[in-house]
Structures are given as C-alpha cells and as structure tokens.
Amino acid sequence: PVTVAVTSVRAKIPSVYGKLVLKEIRGLPTVSALSGVFTVAVLNFEERLLLNFPFSEPASDQESMECLVDSALSVLTDSL
C-alpha cells in the first residue's frame, strides 16, 4: 500500500513590505509527522503555483524521493 498526503494553501499575503519584496513563499507540514509518507504541499502565491515535496531521512531516501517527484511532475505536465 502507498500513502500520499496533499496539502493546499491559497495565500493572500502581500508581496511588498516597504523596500522588501517577496518573490516566493514556502509552506511545509511538519516533516517529522510524515515519516515515509509521499507528500506534496501546494501553495498559490502571486499567480504562481509552488510545489514542495518534503521528506525526512532515513524514513525516505533522496534517490527514491527524486524518482517519485519526477514521476509526479511528469504526470502533471503530461496532463496539461
């Protein structure tokens, strides 16, 4: 069995703070709670869709996660 978690946040956050300008924002669930679960955190900010794939080692390894992320992104881009 495979477990997948998806979280989505629509952020209405200003991008300009005086002289400072936010170019992107990252929001992640607590990685320790995801032990071995393939997770994508989706965030909309400034007309952009940001995808984050958090994981923790040794519950998941870098090579396996890169394969899962590549596969997930391939499915998304092929459906456009």
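For the numbers below, each heavy atom of this structure counts, side chains included, while hydrogens, waters and symmetry mates do not. Counting begins at 1 with the first residue of the sequence.
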Approximate separation, where rounding is to 0.5 Å, of Q62 CD and C67 SG: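 Here the interatomic distance stands at 10.5 Å.
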
For [X], give me all partners under side-chain contact (heavy atoms from CB on, under 4.5 Å), at least two apart in sequence or on another chain.
{"X": "L51", "answer": "V40, V42, L49, F53, L73, L76"}
{"X": "S15", "answer": "F45, E46"}
{"X": "E63", "answer": "D61"}

Expected output: side-chain S60 to main-chain E57 donor-acceptor under 3.5 Å: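 No, the answer is negative, given that no donor and acceptor are paired below the 3.5 Å cut-off.
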
Shared-cluster residues of V75, by chain and number - hydrophobic side chains joined below 4.5 Å: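 Traced through the cluster, V75 reaches no other member.
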
Which atom of L22 lies closest to which atom of P14, heavy atoms considered: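 So the two residues come closest at CD1-O, 3.6 Å.
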
Where L68 and F38 come nearest, the two heavy atoms and their spacing: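 Nearest heavy atoms, L68 then F38: CB-CE1, 3.5 Å.
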
Residues forming a side chain to side chain donor-acceptor pair (under 3.5 Å) with E24, sequence neighbours excluded: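 E24 satisfies side chain to side chain donor-acceptor pair (under 3.5 Å) with R26, R48 once adjacent residues are dropped.
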
